[in-house]
Amino acid sequence: MNVHQATALFRRVLENPDVTEESDFFDAGGDSLLATRVLSAVAREHGVELTFEDFLMAPTPATLAGTVTAGPVPGGPA
């Protein structure tokens with residue numbers, strides 16, 4: 001997943017075309033239910049299963065793209 005794909009995903013889920021690569025998901029109007037939609041899309045489209053805790057640690061498109069590329073943190077939350 002690259003940052004452009006992550007930004008497009010945030011824009012789609014949040015229904016907010018003003019989201020940038022540095023926009024915080026929760027500051028842009030996201031909540032835990034919408035976050036699960038992002039996580040499901042990441043798993044479906046990129047084959048990477050992330051936890052909600054992973055998402056909390058990477059709440060911007062830029063950081064999420066980096067996390068998806070690197071995969072979940074070993075020894076992180078299960």
Side-chain angles (χ1 to χ4, degrees):
M1 168 180 262
N2 65 45
V3 69
H4 302 294
Q5 292 169 315
T7 303
L9 175 58
F10 275 39
R11 287 177 179 164
R12 185 173 74 234
V13 169
L14 293 171
E15 299 179 357
N16 181 348
D18 298 325
V19 169
T20 69
E21 63 185 41
E22 295 302 324
S23 295
D24 182 281
F25 182 81
F26 299 100
D27 290 343
D31 57 30
S32 60
L33 294 176
L34 291 175
T36 61
R37 290 182 57 196
V38 171
L39 294 172
S40 293
V42 168
R44 182 177 58 254
E45 297 169 16
H46 301 281
V48 177
E49 297 273 341
L50 299 174
T51 65
F52 185 70
E53 289 80 13
D54 293 328
F55 189 77
L56 291 175
M57 299 299 290
T60 69
T63 56
L64 183 65
T67 300
V68 170
T69 301
V73 176

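Because only heavy atoms are used, hydrogens play no part in the values below, and waters and symmetry mates are left out as well, while side chains stay in. Index from 1, following the sequence.
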Arg11 and Pro17: which non-hydrogen atoms are nearest, and at how many Å?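 Heavy atoms of Arg11 and Pro17 come nearest at NE-O, 3.4 Å.
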
*Least distance between heavy atoms, Ala65 atom then Ala6 atom*: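 Heavy atoms only, the tightest pair is CB-CB, 4.2 Å.
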
Output side-chain donor-acceptor pairs under 3.5 Å for residues 26-35, partner residues at least two apart or in another chain, one line each.
| from | atom 1 | to | atom 2 | distance (Å) |
| --- | --- | --- | --- | --- |
| Asp31 | OD1 | Leu33 | N | 3.1 |
| Asp31 | OD1 | Leu34 | N | 2.8 |

With the side chain counted from C-beta on, respond yes when [X] and [Y] share a heavy-atom pair under 4.5 Å apart, and no when they do not.
| X | Y | result |
| --- | --- | --- |
| Phe10 | Leu64 | yes |
| Met1 | Leu9 | yes |
| Gln5 | His46 | yes |

| said: Under 4.5 Å between side-chain heavy atoms, counting indirect links through other Ile/Leu/Val/Met/Phe/Trp/Tyr residues: same cluster for Leu39 and Val48 or not? | reply: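 Yes; tracing contacts between hydrophobic side chains, which count when under 4.5 Å, links both residues.
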
Partners passing side-chain hydrogen bond (donor to acceptor under 3.5 Å, both in side chains) against Ser40 (at least two apart in sequence or in another chain)
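So Ser40 forms no side-chain hydrogen bond (donor to acceptor under 3.5 Å, both in side chains) with any residue.
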
Qualifying residue for side-chain contact (heavy atoms from CB on, under 4.5 Å) with Val19, from Asp24, Thr60, Leu14:
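It is Leu14; the other options fail the test.
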
